[in-house]
Amino acid sequence: MRRLSDLPAPPGPTRASFWRSPLRSTWTTTLIGLVLLLALTVVAVTGFLSHSAYQPDLGRNAPLGRGADLQLLVVGWPTSPSWIYALTQGLHVAVGTALVPLLLAKLWSVIPQLFAWPPVRDPLHAIERAATGLLVASAIFQLATGLANAQLWYPWHFDFLGAHYYGGLVLTASVLLHVVVRLPRMRSAWRTRQELEPLRDDALRSPRPAEETISRRGMLAGVGATSALLAVLTGGQALGGPFRRLALFAPRGTGTRGLPVNKTARVARITAAMVGPEWRLRLGEERALRRDELLALEQHEEVLPIACVEGWSSTQTWSGVRLRDLAALAGVPDADELRVESLQPQGAFRRASLGRAQVHDERSLLALRLNGADLPPDHGYPARIIVPGLPGVHCTKWVGELWFS
Ligand SMILES: Nc1nc2c(c(=O)[nH]1)N[C@H]1C(S)=C(S)[C@@H](COP(=O)(O)O)O[C@H]1N2
Ligand SMILES: [Mo]
């Protein structure tokens with residue numbers, strides 16, 4: 001019986017001569033791969049840090065259920081500098097977006113291998129191809145879900161957080177495996193290039209190269225420039241201030257002084273009656289405070305950013321009552337945890353738990369005012385949480401209850 005590998009490759013893309021770009025070579029692929037690896041490392045580290053910043057060990061913060069996830073940090077997420085999450089998440093989204101042209105270039109550079117003949121040589125080759133398939137699929141999945149989330153577009157029916165988290169684990173493992181498997185090839189490609197002598201058995205080099213229409217350097221510069229431009233246009237929303245005008249892909253309008261509105265009061269189903277004169281802040285079992293009673297307590301002003309998981313951030317001047325003063329008022333001055341419940345009848349962000357570091361940081365406020373005026377309805381009137389360093393999702397708006405424990 002003849003084996004598949006003994007048969008000649010059918011005409012078409014399975015034949016090496018079908019691929020004619022003179023720019024493909026193992027060296028080109030190695031160079032793009034190294035830049036891609038660097039960018040992926042930044043995205044992976046900031047991604048897993050973002051998960052830690054949610055403080056999944058507290059209350060009902062764990063989006064995947066407790067114990068379902070690795071915790072990258074041994075120590076807790078810090079409150080200083082207050083812009084730490086704006087930085088890590090701004091990097092995650094900006095560098096993640098810049099990955100798109102790099103990934104496309106990398107896939108283009110190795111496309112002849114997708115059609116390589118025979119499709120499978122031996123069991124080891126089959127495993128290698130399956131691993132590569134998983135790598136490509138998880139990379140595309142992560143970029144697609146991440147970009148869609150940053151654009152507030154949820155065309156799927158699964159939970160974004162869980163899918164993106166486990167997708168990240170699969171991608172990280174596949175990249176590590178890929179690097180280990182490909183390391184010898186990368187090293188020899190690199191060395192050969194330095195000696196300016198083409199690799200003799202370079203599977204990616206076309207045996208029948210067409211006339212060059214763009215130099216290799218020109219192609220690499222084009223890919224790099226497109227990536228850098230995307231990073232700058234996306235990063236503007238994390239830098240804020242004048243840079244925000246650069247953020248062409250930011251999907252939100254800007255409300256008060258450039259502060260985006262994540263969810264309006266209307267969408268959250270907050271009615272005028274819920275936040276009218278009848279509103280009380282429930283402080284544990286014992287106490288309920290009117291808004292004027294809260295305003296009569298010692299007020300503090302803090303300049304703090306809100307940094308959203310979607311990559312934008314905005315720094316504003318907030319004033320209100322310190323959380324630690326409220327903890328003392330509730331009779332739990334040494335509180336380890338604060339459970340915040342909003343008035344919002346439903347929705348994933350209607351509650352959050354804050355840890356000891358946030359409760360006792362003097363910049364952490366139950367904010368009543370924003371930039372010298374009452375909180376606007378869309379930013380959480382009558383009262384919202386604002387704390388340094390945490391993801392915006394933990395800065396609960398339209399607060400109804402505070403439980404210190
Ligand atoms: N009750 C409630 N609080 C909330 C949210 C929400 O949907 N409901 N969204 C959170 C998220 S994800 C962010 S980024 C910030 C945004 O605050 P802003 O809309 O005032 O800019 O509010 C947080 N607080
Ligand atoms: Mo957010």
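The structure presented is a predicted model; accordingly, all values stated were derived computationally and were not measured. Note that ligands are numbered from 1 as they come in the structure, with each ligand's atoms numbered from 1 the same way.
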What does the list of residues with a heavy atom under 4.0 Å from ligand 1 look like, ordered by chain and number?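 These residues qualify: Leu259, Pro260, Val261, Asn262, Lys263, Ile306, Cys308, Trp312, Ser342, Gln344, Phe349, His379, Arg384, Gly392, Val393, Cys395, Thr396, Lys397, Trp398.
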Donor-acceptor under 3.5 Å ([X] side chain, [Y] main chain):
X: Ser206; Y: Arg208; value: yes
X: Arg369; Y: Glu301; value: no
X: Trp403; Y: Leu338; value: no
X: Thr234; Y: Ala231; value: no

Is it the case that Glu302 and His300 place a side-chain donor and acceptor less than 3.5 Å from each other?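 Per modelled atom types, Glu302 and His300 side chains form no pair under 3.5 Å.
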Assess Arg216 against Trp27: is NZ or CZ under 6.0 Å from the centre of the six-membered ring, and within 45 degrees of the ring's axis?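 No.
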